[in-house]
Protein chains: 2
Amino acid sequence: MARMPVAERRSILLSAAFAVISRQGVSGATTRAIVDEAGMKLASFHYAFESREELLAQLVDVVVGNQEVVLALPAEAGTDLERLLELGLLRYFEQVRENPLRERAMFELTQYSMRTPSMQGFAERQYARYRELAVASLREAADRTGCSWRVPLPELAADLVALTDGITLAWLADGDDGRARRTIAFAARALASEGVHPPAAAPTDSTSRTTLTGTTPTTRRGEAS
Amino acid sequence: MARMPVAERRSILLSAAFAVISRQGVSGATTRAIVDEAGMKLASFHYAFESREELLAQLVDVVVGNQEVVLALPAEAGTDLERLLELGLLRYFEQVRENPLRERAMFELTQYSMRTPSMQGFAERQYARYRELAVASLREAADRTGCSWRVPLPELAADLVALTDGITLAWLADGDDGRARRTIAFAARALASEGVHPPAAAPTDSTSRTTLTGTTPTTRRGEAS
DNA sequence: ACGCAACTGGGTCAGATGACCCACTCCATC
DNA sequence: GATGGAGTGGGTCATCTGACCCAGTTGCGT
């Protein structure tokens, strides 16, 4: 109803589309359903976007850009690496629990793009982004606990992404909180066992294992193997 | 064209529907697309099934029943637990690689059922089935290597399912074989570290850890973590 | 051979859907 | 306060879709 710049209208439509998709799936996100969700008239849709497909393509872009969590590390200093990872995963899980529809919509969009020729590459980009975020989180977790990783970080990031995906999917399917939390404990254990423990023991390498104040020591390691 | 009993017609239509879904998604599996795939006329569809929805429901049942692999243990006796698990996961992965469309269709059906009220419970049953299969595979893997599990088997099965799901999903998204194999190695390591090693060492418990011929010792343990 | 019920073909129908159109109405600017 | 274009409303149109129908055919048991 109200007059508004195209940009804002587009953005509202994108949000509305995401909302509809999370409830009805991509195929349920018809132009009419979307404008209805947005409280607009059908004509406004084609004023803002060339076509439904164009909106979907843009939505996919926005969504990849906005993706933020794979592992949500808590602010407080955790005790050891495993516990820190577990807390991070639990926090991620809480986000999923709070907003399951969001996750469903993400899976929905991924699958849609996987079988839409013109969107080839989106799924790839999405997972690249997930791993990128995972790398950052894992690096931070190691830094904070003064650990370092035995395997290349990007590789471990892929493991983390696989675990969170699997945990999320299973939880969306059966909603079993307890199981999800137990799997998270397993995931934390598994990931932490790829880390080298911090206690001021024998420095395994020639590098002079400096302070462990939590900021500087980048803990880059094992880029081979 | 040919005359055939309803049962066979139904089964052909179900296969055709699965094929269409793997290519076009559930929403692309219109009655027309399905009968086209099956080489039938539209009327035959409604002769065999009440409605499209009924076909979809039956498909979902069939598919859950046919589900077979989560971990495909090789026939030859593996060396140690980790290696055996890795080989099993690699074999599973080969199956996925050979038939990616099948996996896509499975995810598609899962998501469809998750947001279809009348099919609530399918996703749940599907994951229950996965875990059931995983339990069997893990038990066999332990038996074969004379190991036992430190955590309850059903719990470990959930971990395995999460891992295979995550690995499969990531591979479907980016098709990176190397990464999938590296994540599989990680998964094998992680799972194996929940097993108790076989070598004739000190029996940790009072139970008289009997033979390890690979059949009888059920290796049930830790039902209480 | 014959009857009849299982099965098929080629249609119809109503509703949904994406795309699009054009007369109208605001509002900012001059 | 005139005016031009950004934005809106209420349609239309072709196509797709699920459901359904009914006159015909064909194979099987008798």
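No hydrogens, no waters, no symmetry mates; every other heavy atom, side chains included, goes into these values. Numbered from 1 within each chain, the chains take letters A, B, ... in sequence-line order. Remember, it's a predicted structure, so these values are computed and weren't measured experimentally.
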If I take atom CZ in residue A:Phe45 and atom P in nucleotide C:dG18, what distance separates them, rounded to the nearest angstrom? 8 Å

Between the side-chain atoms of A:Arg9 and the base atoms of D:dG7, is any donor-acceptor pair under 3.5 Å? no

When you check the gap from the basic side-chain N to the acidic O, do A:Glu86 and A:Arg189 get nearer than 4.0 Å? no

Which residue lies more 5' along DNA chain C, comparing A:Ala29 with B:Leu42 via nearest heavy atoms: B:Leu42

Rounded to whole Å, the CD-P distance (B:Glu50 to D:dC20) equals 7 Å

Expressed as a whole number of angstroms, how long is the span from B:Lys41:NZ to D:dT25:P? 16 Å

D:dT17, OP1 or OP2 - any side-chain N/O from B:Arg32 closer than 4.0 Å? no

So, are A:Arg129 and A:Glu132 salt-bridged, with charged N and O less than 4.0 Å apart? yes

To the nearest angstrom, how far is A:Glu8 atom CD from D:dG7 atom C1'? 13 Å

For B:Leu13 and D:dG18, give me the distance from atom CG to atom P, rounded to whole Å. 13 Å

In terms of side-chain heavy atoms of B:Tyr47, which of D:dA6, C:dA6, D:dG18 is nearest? C:dA6

Which heavy atom in A:Ala48 sits nearest to a heavy atom in A:Arg10, and how many Å separate them? O-NH1, 2.7 Å

With a 4.0 Å cut-off on N to O distance, would you call A:Asp159 and B:Arg182 a salt bridge? no

Between D:dG18 (P) and B:Glu53 (CD): distance, integer Å: 12 Å

Minimum-distance nucleotide (side-chain atoms of B:Ala43 versus D:dG10, D:dC21, C:dA19): D:dC21

OP1 or OP2 of C:dT17 less than 4.0 angstrom from a side-chain nitrogen or oxygen of A:Thr31, does that happen here? no

Would you call B:Glu140-B:Arg144 a salt bridge at under 4.0 Å N-O? yes

For the pair made of CG in B:Asp36 and P in C:dG9, what is the distance, rounded to whole Å? 13 Å

Just how far, in rounded Å, is P of D:dG7 from CD1 of A:Ile12? 13 Å

